[in-house]
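Per chain, numbering begins at 1; letters A, B, ... match sequence-line order.
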Amino acid sequence: MSSFDEMDAFEGASLSSRAMAARPQPYLDALNPAQREAVECLQGPVLMLAGAGTGKTKALTARIVHLLTTGTARTNEILAVTFTNKAAREMKERVGGMLGQPAEGMPWLGTFHAICVKLLRRHAELVGLKNNFTILDTDDVIRLLKQLIRAEGIDDKRWPARALANVIDDWKNRALVPTKVPVADASAYNGKGVDLYAQYQTRLIELNAVDFGDLLLHMVTIFQNHPDILEQYQRWFRFIMVDEYQDTNVAQYLWLRLLAGGHKNICCVGDDDQSIYGWRGAEVGNILRFDKDFPGAKVVRLEQNYRSTEHILAAASGVIAGNQGRLGKELWTDAKGGEKVRLIGHWDGEEEARWIGEEIEAMQRGTRGQGPRDLDQMAILVRASHQMRAFEDRFLTIGLPYRVIGGPRFYERLEIRDAMAYFRVVTSPDDALAFERIVNTPKRGLGDKAQQTIQMTARENGVSLVEGARLAVENGLIKGKGAGQLRQLLDNLARWSAMTVGPVLEIDDESVLDDGGAPQMRFGEPDVPHYELAQIILDESGYTTMWQNDKNPDSPGRLENLKELVSQLENFENLQGFLEHVSLIMDNASDDAGQKVSIMTLHGSKGLEFPAVFLPGWEDGLFPSQRSMDESGLKGLEEERRLAYVGITRSEEVCTISFVGNRRVFGQWQSQLPSRFIDELPDEHVEVLTPPGLYGGGYGAAAPSEAPVRSSIEEKVALADGYNSPGWKRMQSRAGQYGTAQPKPAKNQIIDVKAVSSFTLGDRVFHQKFGYGMIAGIDGDKLEVEFDKAGLKKVVAAYVSASDDIPF
DNA sequence: GCGTCCAAAGCTGAA
DNA sequence: CTTTGGACGC
């Protein structure tokens, strides 16, 4: 086997033939002809069209290994980009595995964002940044935009900052700097979009900060404006590989095209049928026109699927066939037989969760005719994250271990973000956003007015916020209790800063590029270990105490999280390194230990596979998502369909699709129709399950206002026998017409003014939040109601409806 | 300046 | 149903 030491012996020369002859290449023997073709074609542009489960990652990693063992490239000459950290990690591991040792030497294997951070740190000054710039996450961005919006006198209720953030993000994805935004987009955000975008960019530079989109955008700008720098990297990255090419947006596409422009040794791997990120600017067009960008490109199709049984594959193919304008691949498999895709309907979401929970337990015990399965082999893939809740609730109840992947992330929690803001202020005192966040957390008697004074002082003197705060307090502009507390905070900050050491970025010069070393960042040695410093900061700032004194039931949990945060810090060399890791790798540092069922979104499941997969919530409006169809029409629907395809193709052996008749949306019952994708599943590859017991099966027919009730046996039978018949479908579409016309219960059923007067003392009423109660008093349009559970409350009559229930 | 109460909005998707 | 932000009272 090769090793990096051995490879050093080949340094600097063109060695392919010698190396090839000298080394055994077992990784090549493990490939099928198509994979091998793609792997062995090292020079020139290559497009690998790889369907789901066709050994794409295997081929990609084999290609890297092939580049290395043939001596064609050295590890640091290969630029390999992925979209997720998960994918990058996996590829590193697999390259290491094939080489027989860890692939530490692949410095340029990573996500677009991680690689761009490295590059941008080297060239930050070219776009007006310092090399220790901060990376803002979505939360910071929104807060910043809100400030700008309010400064413009725009009502941020009518024009939410979030909407502007989306617009700007969209422009950045399309590699549009403010001056390049097309006239057609001038109306964006009430006509103020472009102006605010420009302001926002200016502000970011002032703050020495970037957002996610900037990482790419700035690098594209630099490459475009500095041909010499671009050329350096073109020489440097002699081989480029891109995973999930169908998901690249315009900015990423330009970035790649610029870098590959010289040698054109670029190998892109993708599957147009798995393009599911159109909403964040991905252009399927990139993959469709690859051979126009790179004339003479070799196109290889991987069509043999090694993952799923033929029924699962056929079901997926049947669904995706409904899309127009595909490059067209025909997946096939040697694996014959297996179970059909299973389909089941339930009364509501709770029952769906209950049934899936039981099914999982049965699979675990092996009583479902398959032999026992580990929980790790099972996954629930949902369309929208709010669907997860029903499963979590249910699994907690029955004590079924689960793990949520990509759910509410550790680093997005309030306490973690606060703690990190402290770290940020300490490591870079210019970080205004972080300072704003912590200045009055815990409460230091520094409210709106004091904070405005700080802002003004800073602006008038042209200094940072921290500096402005010091000036303000020294000049007695801040009064009362706040002044002393602020002074103490500032002293603390200065002290903590002295205990750490700022990043000593050693910008490597040309020679480093030429002699083969990757650009490095090095940091000085701090006086106190950073993890101890972190603990000190949290304790001395009073932040820990704040939660200790908080009586909320979740406070202990928050303290736990802070402890966890500090202990994770030990894995990093310094606070800066940690902060960067956090901003780029928002992975769930979930406890991998133990057997657990995975719950995740369909988007999050891409690239994964499980023996048994559950796909709940296949209902029109939820999946395909109404919003997607409203916003993007047929294009949106086709993307949803690809999502369905991705979901089904995650499964190896058992795939169970389910839908419900009633679902609670915003706490209100809505009747649902089965997804149109269910109609598109080929009958001969689907088995319709009869719901067990006497429950379930009904949908759309019963008034959703009542709590779920037992459905009739007739309904159940109709579901079991008739779902495939044209008559059933017609019935369902009719039910849909009636269904949507049905009066909605509770909240929406607002009682008009005339009706209000009809309330009298003693009437039974229903309130969406407080439940049932009796009217105890009437005061204009307000009612005093003695609620059965919530006690006496004064509520607006419009939010109460008459009820004829019987108190229990 | 801080806490409490109430009305309104929100649930795609994510580095 | 849950979360959030604004209004109001202390």
Measuring to OP1 and OP2 of B/dG13, would you say a side-chain N or O of A/Ser385 lies under 4.0 angstrom away?
yes
Tell me: CD1 of A/Ile142 to C1' of B/dA9, nearest whole Å?
15 Å
Would you mind listing every salt bridge (charged side-chain N to carboxylate O under 4.0 Å, His left out) that reaches into residues 437-457 of chain A, with sequence neighbours excluded?
A/Asp418-A/Arg437
If you check the A/His113 side chain, which of B/dC2, B/dA15, B/dA14 turns out closest?
B/dA15
Grab the CD1-P distance between A/Ile168 and B/dA14 for me, whole Å please.
22 Å
State which residues pass side chain to side chain donor-acceptor pair (under 3.5 Å) with A/Arg383; sequence neighbours excluded, sorted by chain then number.
A/Glu640
In whole angstrom, what separates A/Arg162's CZ from C/dT4's P?
12 Å
Would you mind checking if A/Glu639 and A/Arg642 are paired as a salt bridge, meaning a charged N to carboxylate O distance below 4.0 Å?
yes
Measuring to OP1 and OP2 of B/dC2, would you say a side-chain N or O of A/Asn440 lies under 4.0 angstrom away?
yes
Mind checking if A/Arg389 touches a base, just sugar-phosphate, or nothing, with heavy atoms under 4.0 Å?
sugar-phosphate
What integer distance in Å separates A/Phe666:CZ from B/dG10:C1'?
4 Å
Do any N or O atoms of the protein come closer than 3.5 Å to N or O atoms of nucleotides 6-10 of chain C, and which pairs are they?
unit_1, atom_1, unit_2, atom_2, d
C/dG6, OP1, A/Arg150, NH2, 3.2

Would you indicate what A/Thr601 reaches in the nucleic acid, counting non-hydrogen atoms under 4.0 angstrom: base, sugar-phosphate, or nothing?
sugar-phosphate
Can A/Trp279 be called stacked on B/dG13 when the rule is centres closer than 5.5 Å and an angle between planes below 30°?
yes
Side-chain touch A/Leu381/A/Val646, heavy atoms, less than 4.5 angstrom
no
Take A/Leu446 and A/Glu631, find for each the nucleotide of DNA chain B with the closest heavy atom, and name the residue whose nucleotide sits nearer the 5' end.
A/Leu446
How many whole angstroms separate atom CG of A/Leu136 from atom C1' of B/dA15?
14 Å
Mind checking what makes ring-ring contact (aromatic ring centres under 6.0 Å, His included) contact with A/Phe677, not counting sequence neighbours?
A/Phe623
To the nearest Å, give me how far apart CD (A/Gln485) and C1' (B/dC2) are.
14 Å
Atom pairs and distances, side-chain donor-acceptor, residues 212-222 of chain A, under 3.5 Å, sequence neighbours left out:
unit_1, atom_1, unit_2, atom_2, d
A/Asp214, OD1, A/Lys172, NZ, 2.8
A/Asp214, OD1, A/Gln201, NE2, 3.2
A/Asp214, OD2, A/Lys172, NZ, 3.3
A/Asp214, OD2, A/Asp211, N, 3.4
A/Thr221, OG1, A/Leu217, O, 2.8

Rounding to an integer number of Å, can you tell me how far A/Glu244 CD sits from B/dA15 P?
13 Å
List for me each residue that meets ring-ring contact (aromatic ring centres under 6.0 Å, His included) alongside A/Tyr197, sequence neighbours excluded, and say none if there are none.
A/Trp171
Can you list every salt bridge (charged side-chain N to carboxylate O under 4.0 Å, His left out) pair that touches residues 146-165 of chain A, not counting sequence neighbours?
A/Arg150-A/Asp156
Say we look at C/dT4 and B/dG13: how far apart would their P atoms be, to the nearest angstrom?
16 Å
Charged N to carboxylate O below 4.0 Å: is that the case for A/Asp140 and A/Arg417?
yes
Roughly how far apart, to the nearest Å, are C/dG5 and B/dT12 at atom C1'?
24 Å
For the side chain of A/Lys146, starting at C-beta, report the closest nucleotide among B/dA14, B/dC11, C/dG5.
C/dG5
For residues 660-675 of chain A, the salt bridge (charged side-chain N to carboxylate O under 4.0 Å, His left out) pairs (sequence neighbours left out) are A/Glu350-A/Arg664, A/Glu352-A/Arg663, A/Glu619-A/Arg663
Mind listing the residues from residues 614-627 of chain A sitting with a heavy atom below 4.0 Å of DNA chain B? Number order is fine.
A/Ser625, A/Arg627
Looking for any heavy atom pair under 4.0 Å, which part of the strands does A/Lys481 touch: base, sugar-phosphate only, or nothing?
nothing
What is the nucleic acid contact for A/Phe112, judged by heavy atoms within less than 4.0 Å: base, sugar-phosphate only, or nothing?
nothing
Gap between atoms CD and P, on A/Gln387 and B/dT12 respectively (whole Å):
12 Å
